[in-house]
Amino acid sequence: MESIQRNSFFKVMINENFGQEIQLPPVFVKLHAEILPVKAKLRTSLGETWNVKLEKRNDNRYFFTRGWNKFVKYFGIQFGEFVMFTLSGNSIFYVTVFGINQCEKKIDSSDYRLHEEQDMNGEESKNITKSKSPLYVEILMKLHNKSRVHLRKEFSIATGLINQEKVVVEYVPNQSRHVIVLKRGEGRTDMTKGWYSFRKSNGLEYGKVYSFEFKPKKNVLFVNQVVINKRN
């Protein structure tokens with residue numbers, strides 16, 4: 001007789017519309033129907049949390065809908081890959097994404113580099129003042145900066161961060177400091193573990209520009225919001 005509570009399930013991304021919605025397994029729904037919320041949270045191993053609508057349809061079918069597409073886009077989930085879900089409490093699903101190679105999927109730093117280069121070359125860059133100092137850079141916060149930030153190669157080399165494993169980052173308005181892990185690869189440097197907590201605790205907002213200035217004597221990377229003066 002089965003006595004284990006089944007809190008987990010996985011979904012293989014093979015439906016044509018998997019990028020917009022996915023259905024929860026009927027057996028899982030039957031076991032947990034009484035506690036399934038209208039709004040669920042998908043949480044990764046890094047602590048990132050995504051708000052997703054859990055929609056009930058005919059015949060007692062449940063689907064992840066609004067917000068799911070952003071999760072798929074963020075991880076770059078492709079056809080044939082699969083996601084493991086584990087329900088914790090009555091609203092949080094811990095998720096792990098697996099690639100076609102059957103290994104846990106990690107975000108490629110090149111994805112962030114591409115996004116940030118597009119941001120800097122897009123319309124937003126018209127309102128960004130570029131500094132001549134190689135120790136200073138401005139970054140527009142986007143959704144893909146939720147848990148990490150890519151530092152341009154030139155900036156990483158000039159500051160010496162390309163050779164460091166960690167960096168102390170201070171948010172100037174709050175004088176709040178965090179130690180953030182640096183991940184390197186193919187000339188790239190990303191701020192990873194610790195960035196999510198730093199961003200969240202200091203209230204850094206998407207759509208706003210922030211300056212990153214490294215002070216070698218203090219060995220600290222100072223972050224501050226940039227006030228952009230729009231001209232008509």
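Nothing here was measured: the structure is a model prediction, and the numbers come from that model. Quick note: residue numbers are just sequence positions, from 1. The figures here come from the full heavy-atom set of this structure, side chains too, leaving out hydrogens, waters and symmetry mates.
- Under the rule for a side-chain contact (heavy atoms from CB on, under 4.5 Å), V38 has no partner lying at least two apart in sequence or in another chain.
- Contact of the F9 side chain with the V29 side chain is not registered, since no non-hydrogen atoms from C-beta on lie closer than 4.5 Å.
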Starting from the C-alpha separation in whole Å, work towards a yes-or-no answer on side chain to side chain contact (heavy atoms under 4.5 Å, CB included) for V83 and F75. CA-CA 11 Å; V83 183; F75 274 95; over 6 Å; no
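- With a 4.5 Å cut-off on side-chain heavy atoms, I100 and E81 count as touching.
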Working note: N7 + Y94, criterion side chain to side chain contact (heavy atoms under 4.5 Å, CB included); need CA distance, chi angles, decisive distance, verdict. CA-CA 10 Å; N7 293 335; Y94 285 91; over 6 Å; no
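- The closest donor-acceptor contact from the side chain of D190 to the backbone of T192 lies at 3.5 Å or more, if one exists at all.
- In this structure, CG in L151 is found 12.0 Å from CD1 in I157, a value given to the nearest 0.5 Å.
- Once rounded to the nearest 0.5 Å, the distance linking CZ of R152 with OG1 of T189 reads 13.0 Å.
- Between L87 and I35, the closest side-chain pair of non-hydrogen atoms falls below 4.5 Å.
- Inter-residue side-chain proximity for K30 and N60 is flagged as unmet; no heavy-atom pair is nearer than 4.5 Å.
- In terms of the side chain to side chain donor-acceptor pair (under 3.5 Å) criterion, residue partners of E21 (sequence neighbours excluded) are, by chain and number, N17, R57.
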Using side chain to side chain contact (heavy atoms under 4.5 Å, CB included), reason through H178 and S201 one step at a time and then give a plain yes or no. CA-CA 10 Å; H178 286 65; S201 62; 3.5 Å; yes
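- Note that NZ of K70 is 9.5 Å distant from CZ of R66, once rounded to the nearest 0.5 Å.
- Shown here are the side chain to side chain donor-acceptor pair (under 3.5 Å) partners of T86, two or more places apart in sequence or in another chain: S8.
- Partners of N51 by side chain to side chain donor-acceptor pair (under 3.5 Å), not counting sequence neighbours, listed by chain and number: K41.
- Residues meeting the salt bridge (charged side-chain N to carboxylate O under 4.0 Å, His left out) test with K208, sequence neighbours left out: E205.
- No continuous path of hydrophobic side-chain contacts links V220 to L182 [ILVMFWY only; heavy atoms under 4.5 Å].
- For F82, the ring-ring contact (aromatic ring centres under 6.0 Å, His included) criterion is met by F10, F98, not counting sequence neighbours.
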Under 3.5 Å, side-chain donor or acceptor atoms of residues 166-177 against the rest of the protein: list the pairs with distances, not counting sequence neighbours.
| from | atom 1 | to | atom 2 | distance (Å) |
| --- | --- | --- | --- | --- |
| E170 | OE1 | R177 | NE | 2.5 |
| E170 | OE1 | R177 | NH2 | 3.0 |
| N174 | ND2 | N202 | OD1 | 3.0 |

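- When the side chains of ILVMFWY residues are joined at heavy-atom separations under 4.5 Å, either directly or via intervening members, M13 and F71 end up in a single hydrophobic cluster.
- Remark: K73 NZ to H144 NE2 distance equals 10.0 Å, nearest 0.5 Å.
- A donor-acceptor pair under 3.5 Å is formed between the side chain of S211 and the backbone N or O of N224.
- Ring geometry for F28 versus H32: interplanar angle of 30 to 60°, hence tilted.
- The two residues K146 and W195 have their closest heavy-atom pair at O-CD1, 3.9 Å.
- Of all non-hydrogen atoms in T65 and V52, the two that sit nearest each other are N-CG1, 4.1 Å.
- In this view, F63 satisfies the ring-ring contact (aromatic ring centres under 6.0 Å, His included) rule with no residue, not counting sequence neighbours.
- Residues I139 and L204 share a single hydrophobic cluster, defined by chaining ILVMFWY side chains whose heavy atoms lie under 4.5 Å apart.
- With sequence neighbours left out, the salt bridge (charged side-chain N to carboxylate O under 4.0 Å, His left out) criterion links K53 to no other residue.
- Closest non-hydrogen pair, Q164 versus N219, comes out as NE2-OD1, 3.5 Å.
- You'll find the side chain of F64 reaches within 4.5 Å of the side chain of L42, heavy atoms only.
- Contact check for S156 versus R184: no side-chain heavy atoms found under the 4.5 Å cut-off.
- Interatomic distance, NZ of K39 versus CG of L54, reported as 12.5 Å (0.5 Å rounding).
- Taking each heavy atom of I77 and F18 in turn, the nearest pair found is O-CE1, 3.7 Å.
- Residues passing the ring-ring contact (aromatic ring centres under 6.0 Å, His included) test with Y206: none are found, sequence neighbours excluded.
- Hydrophobic clustering keeps V179 apart from I162 (ILVMFWY residues linked when any side-chain heavy atoms are closer than 4.5 Å, directly or through intermediates).
- Between V95 and W50, every side-chain heavy-atom pair lies at or beyond the 4.5 Å cut-off.
- Here the shortest heavy-atom pairing between G203 and Y210 reads O-OH, 4.2 Å.
- Residues that satisfy the salt bridge (charged side-chain N to carboxylate O under 4.0 Å, His left out) test with R61, not counting sequence neighbours, are absent from this structure.
- Under the ring-ring contact (aromatic ring centres under 6.0 Å, His included) criterion, Y62 pairs with no residue at all, not counting sequence neighbours.
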Walk me through whether F212 and M191 qualify under side chain to side chain contact (heavy atoms under 4.5 Å, CB included). CA-CA 12 Å; F212 292 72; M191 293 194 294; 3.6 Å; yes
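- The CD atom of Q23 sits 11.5 Å away from the CD atom of E55 when rounded to the nearest 0.5 Å.
- Ring planes of F85 and W68: tilted class, angle from 30 to 60°.
- A pairwise comparison of heavy atoms in F155 and P134 identifies CD1-O, 3.5 Å as the closest pair.
- Under the 4.5 Å side-chain heavy-atom criterion for grouping Ile, Leu, Val, Met, Phe, Trp and Tyr, F93 is connected to M84 within one hydrophobic cluster.
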